[in-house]
A.B. asks: 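Take a look at the following structure, please.
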Amino acid sequence: MALLQIAEPGQSPLPHQVKRAVGIDLGTTNSLVATMRGGRATVLPDENGEVMLPSVVNYSSDSEPLVGADAVALGSQSPADTLMSIKRFMGRGSADAAQDAQRSHYRLAEGDEGMVRFITSGGEVSPVEVSADILRVLGQRAVATLGGDIDGAVITVPAYFDEAQRQATKDAATLAGLRVMRLMNEPTAAAVAYGLDSAEQGVIAVYDLGGGTFDISILRLQRGVFEVLATGGDTALGGDDLDGALANWVLQESGSPTLKAGQYRQLQAAARAAKERLSDELEVDIDLQGVLPAGGSLRVTREIFESLIQPLVKRTLRACRKCLRDAELDVDVDNIVMVGGSTRVPLVREAVGDFFKRTPLIDIDPDQVVAVGAAIQADILVGNRPEGDLLLLDVIPLSLGIETMGGLVEKIVPRNTTIPVSRAQEFTTFKDGQTALAVHILQGEREMVSDCRSLAHFELRGIPAMVAGAARIQVKFQVDADGLLNVSAREEITGAQASITVKPSFGLSDEEIAGMLQASFSHAAEDMQARQLAEERLGAWQLLEGLKSALKADGEALLSTEEHEAISGQMTELQALVEGQDADAIHAQTEKLGRLSEAFASRRMDKSIRAALAGVSLDSLDDEVTQ
Amino acid sequence: MSIPDFQRNYFELFDLPLTFTLDQAKLGERYRQLQRELHPDRYAGASAHEQRLAVQYSSLINEAYAALRKPLPRALYLLETAGMSGEAVAAQPMDGGFLMQQMELREKLEEMDDLVDPETALDHLITEIGEDVAVLQDQFSTAYAGGDMSTAASACVKMQYLDKLLREAEQLESRLID
């Protein structure tokens, strides 16, 4: 086993060194961070040995934000300042979130562009900022454990997260100072965690009952390639709802007393504890002293609990049936992976086992399995496994389209389409002399614009005046491997163009993020310079390393002597700059070398494709793939 | 800059003969092989230019795979490579018998909600449509192989009709289950 080299913070890692990559499960109830150590993915504990960080943050006027168990302790004392289950608010507008906020006793501020903000004693915060505070603590934990800056992170999101929710998650990570290599769907991560351990072939169903969301995904694993066949779920159903069902029953049995803000929290916590104990015991007493005005205790049997949650479990199975149909499987599911603490509930396990006619897999802790899978993917993406023994082919969870005449949505990329994907569709003008076209981008399954989520608007101008129907306007959707969208429109006759990278209004603009980063760094300008230098050095090393192996493999075959010399010369210059302290110079030279080697990169790609098309075995090709 | 020849048709890309009936296992195998080489994840540490290329190529392969994987898009793609646009296919004359049969099937679907046991009836209807689709696929396959494009196009349009009906039936099924 290779020993980890310890580098001083701010220093660039040496080439060939194992890079520090982490997988982070940013959960509704708890969050975890995991990394590869000694060839295995493991979750990292805090100084008290706890691996789960409660996703709770307390904002008070007299101290820095408190994250985790310390914040939980303040929950009943200052409910409006103690924000929990914040993931439910990610990427949602104020109007959308008002009901949930009232239930949680949060105070909402009128945010800009409809973005939710909470009023706390420590000031106004958005869900993105709260999530960033949680991510920052996990990042610090990883830095302390691994002994140096993190080179890259994979953050997991529910498969059912829409564009706005994904973007908000990515914004939070950026705000926390993490370099996000990829947003990964939680069920896919769980499947990866099992897939690598067992080297299975076959069809896997991932049943993920998280704190606030339910996801079901069907994947096929064949020779190291994971193909997501379909994904579905319910964004408004989670383990919290099982607790809620029990809490409501307790209230009813106790004559429906009126509760204060903090008391409902305590009741929910008591219900959660009872749920957990009912997994092993047939009946438990819920202690209501200090929870309800009347105090006392209430006995609940597993049978009662099961009758309370039966409708919720049924709802998850309906989503499973729908997902199986979307996957168009002609075979049975071989394995079921269980994710989320609530899958420990015996009724859930039995119902899922009966439905799929297989015993669910529970070898990996259902609370940790997502972080473990994310750590494996992070390790691959950061370049620690040159052979890249695993590839993920994921899908988009919701259809993407544009508004057409009459408030209807024309779907351009249907849900469950494998990403990355690019789709184009032709549209035309509907009025004589029309010179501009408004493009309204939407996400969702319904037919009417009003029933779908609006993602962005932009205008294509400069269409020459023609009769209606004569213009040919191509609208192109490009979804990248993170599931994020870029849309462009082009008038074919004149070539007039317009494009937009979709940034939902509920997320933060790049300027806002830059401003916030600036603010958090303003006390530590030196830190920022050191970070910038480290980042530039890392980028330069990556390029140099990539080019070195590329030149070795294909330099003679694909480059003329002059080209080879030009690239080598610029590489030597970059090499010299990397040793120095001038981040800007490193940046400029990296860019220059990058541009110079573009043609070489294209030729190599071309060669890879030809080789793949010619059916050369993969093993012999793996050595040649860049990085 | 030399760009790989993605102008070739999708069948060539996957090294498959230009036929309607195809080897699904081989298609899947080739697809995964190409993605192994070209997926953006394989270029996560590469230059921005390489990453952009990877996204484009990987998207194209996904597009090609989606076009060939299922019978209906495959039939449409085959007609397109034979020079028939989507509009030309849609303009094929339909025989009255088929349209009558469509109307009957559609009526059955609409009356489904009023039945005592709609789920079983719906099951039967879905099976019935499936059988009709299989017959049309055979017709398409034979006509296309024999170079009879107008018969192939007419079978393809009928497949489109039935596909639409099947999707509506499945939507009704979801509603019934919920």
Side-chain angles (χ1 to χ4, degrees), chain A residues 19 152 181-182 220 222-225 227 315 318 321-322 325 328 377 380-383 388 390-393 417-423 478-481 542-543 545-547 550 591 593-595 597-599 601-606 608-615 618 621-622 625-627, chain B residues 1-6 8 12-15 24-26 28-67 69-71 86-87 126 166-167 170-171 173-178:
Chain A
K19 297 200 181 85
M181 296 186 292
R182 175 63 40 86
R220 192 195 294 272
Q222 270 167 306
R223 298 192 200 161
V225 178
E227 212 177 319
R315 243 168 88 189
R318 276 205 292 272
R321 191 174 293 121
K322 200 158 175 285
R325 187 166 50 218
E328 297 183 41
Q377 175 74 345
I380 293 169
L381 291 181
V382 85
L390 178 90
L391 180 68
L392 289 183
L393 300 172
T417 298
T418 308
I419 50 174
V421 64
S422 124
R423 287 266 162 96
Q478 172 77 60
V479 183
D480 69 12
Q542 268 175 355
L543 181 61
E545 287 300 299
L547 276 174
E591 292 263 298
L593 180 56
R595 279 196 303 275
S597 57
E598 274 186 8
S602 300
R603 282 177 219 166
R604 278 172 50 75
M605 207 99 158
D606 187 8
S608 287
I609 295 160
R610 284 185 199 291
L613 288 169
L618 288 171
L621 267 174
D622 275 344
V625 176
T626 321
Q627 48 128 359
Chain B
M1 187 173 110
S2 69
I3 297 213
D5 190 5
F6 276 96
R8 286 184 300 184
E12 285 167 351
L13 190 62
F14 290 109
D15 193 23
Q24 287 284 353
K26 194 178 169 199
E29 196 52 45
R30 294 291 284 179
Y31 167 68
R32 285 185 289 278
Q33 196 177 19
L34 283 166
Q35 286 294 11
R36 269 183 172 281
E37 295 299 327
L38 295 166
H39 193 275
D41 281 4
R42 312 297 278 194
Y43 299 88
S47 68
H49 176 68
E50 270 177 297
Q51 287 185 6
R52 270 199 308 279
L53 283 177
V55 171
Q56 283 168 19
Y57 293 155
S58 180
S59 299
L60 266 161
I61 292 158
N62 278 332
E63 200 52 37
Y65 184 54
R69 199 163 44 124
K70 292 185 196 165
E87 290 91 62
I126 289 176
L166 200 57
R167 265 182 291 152
E170 281 169 357
Q171 268 170 14
E173 196 184 23
S174 312
R175 273 213 315 277
L176 288 175
I177 292 168
D178 288 348

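A note on names: the letters A, B, ... follow the listed sequences, proteins ahead of strands, and every chain is numbered from 1. Since this is a predicted model, take the numbers as computed values, not measurements.
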A.B. asks: Less than 4.5 Å to any heavy atom of chain A: does that hold for the side chain of B:Arg52, its backbone, both, or neither?
C.D. replies: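 For B:Arg52, the contact with chain A is made by the side chain alone.
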A.B. asks: Between atom OG of A:Ser422 and atom CD of B:Glu63, what is the distance when rounded to the nearest 0.5 Å?
C.D. replies: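 Rounded to the nearest 0.5 Å, the OG-CD separation comes out at 6.5 Å.
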A.B. asks: Give the member of A:Arg423, A:Arg220, A:Arg595, A:Met181 that has the highest number of heavy-atom pairs under 4.5 Å with chain B.
C.D. replies: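 Going by pairs under 4.5 Å, I would pick A:Arg423.
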A.B. asks: Ignoring hydrogens, what is the shortest heavy-atom contact between A:Ala481 and B:His39? Give both atom names and the distance.
C.D. replies: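 Looking at all heavy atoms of both residues, the shortest contact is CB-CE1, 4.3 Å.
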A.B. asks: Under a 4.5 Å cut-off applied to non-hydrogen side-chain atoms, are A:Leu381 and B:Asp41 in contact?
C.D. replies: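 Answer yes - side chains close enough.
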A.B. asks: Identify the heavy atoms of A:Val225 and B:Arg36 that sit nearest to each other, and give their distance.
C.D. replies: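 Looks like CG2-NE, 3.7 Å.
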A.B. asks: Would B:Glu50 and A:Glu598 count as a side-chain contact (heavy atoms from CB on, under 4.5 Å) if you check the C-alpha gap in whole Å, the side-chain angles of each, and the deciding distance to 0.1 Å?
C.D. replies: CA-CA 7 Å; B:Glu50 270 177 297; A:Glu598 274 186 8; over 6 Å; no
A.B. asks: Any chance you could measure A:Gln222, atom CD, to B:Tyr31, atom OH, to the nearest 0.5 Å?
C.D. replies: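 With rounding to 0.5 Å, CD (A:Gln222) is 11.5 Å from OH (B:Tyr31).
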A.B. asks: For the residue pair B:Lys70 and A:Glu328, what are the closest heavy atoms and their distance?
C.D. replies: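 Minimum heavy-atom separation between B:Lys70 and A:Glu328: NZ-OE2, 2.9 Å.
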A.B. asks: Which is it for A:Glu227 and B:Arg32 under the side-chain contact (heavy atoms from CB on, under 4.5 Å) test, yes or no, and what are the steps along the way?
C.D. replies: CA-CA 9 Å; A:Glu227 212 177 319; B:Arg32 285 185 289 278; 3.4 Å; yes
A.B. asks: Can you tell me how far apart OG1 (A:Thr418) and CZ (B:Arg69) are? Round to the nearest 0.5 Å.
C.D. replies: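 If we round to the nearest 0.5 Å, A:Thr418:OG1 and B:Arg69:CZ are 6.0 Å apart.
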A.B. asks: Side-chain contact, heavy-atom cut-off 4.5 Å: B:Pro40 with A:Asp480?
C.D. replies: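 No, their side chains stay 4.5 Å or more apart.
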A.B. asks: Which atoms of B:Glu29 come close to chain A, meaning under 4.5 Å heavy atom to heavy atom: side chain ones, backbone ones, both, or neither?
C.D. replies: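 For B:Glu29, the contact with chain A is made by the side chain alone.
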A.B. asks: Testing the basics here: between A:Gln478 and B:Val55, what is the closest heavy-atom pair and its distance to 0.1 Å?
C.D. replies: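 In terms of heavy atoms, the two residues are closest at NE2-CG1, 3.3 Å.
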A.B. asks: Which heavy-atom pair separates B:Asn62 from A:Pro420 by the least distance, and what is that distance?
C.D. replies: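 Heavy-atom minimum between the residues: ND2-O, 2.7 Å.
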A.B. asks: So which part of A:Leu593 gets closer than 4.5 Å to some heavy atom of chain B, the side chain, the backbone, both or neither?
C.D. replies: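 It is neither, since no heavy atom gets under 4.5 Å.
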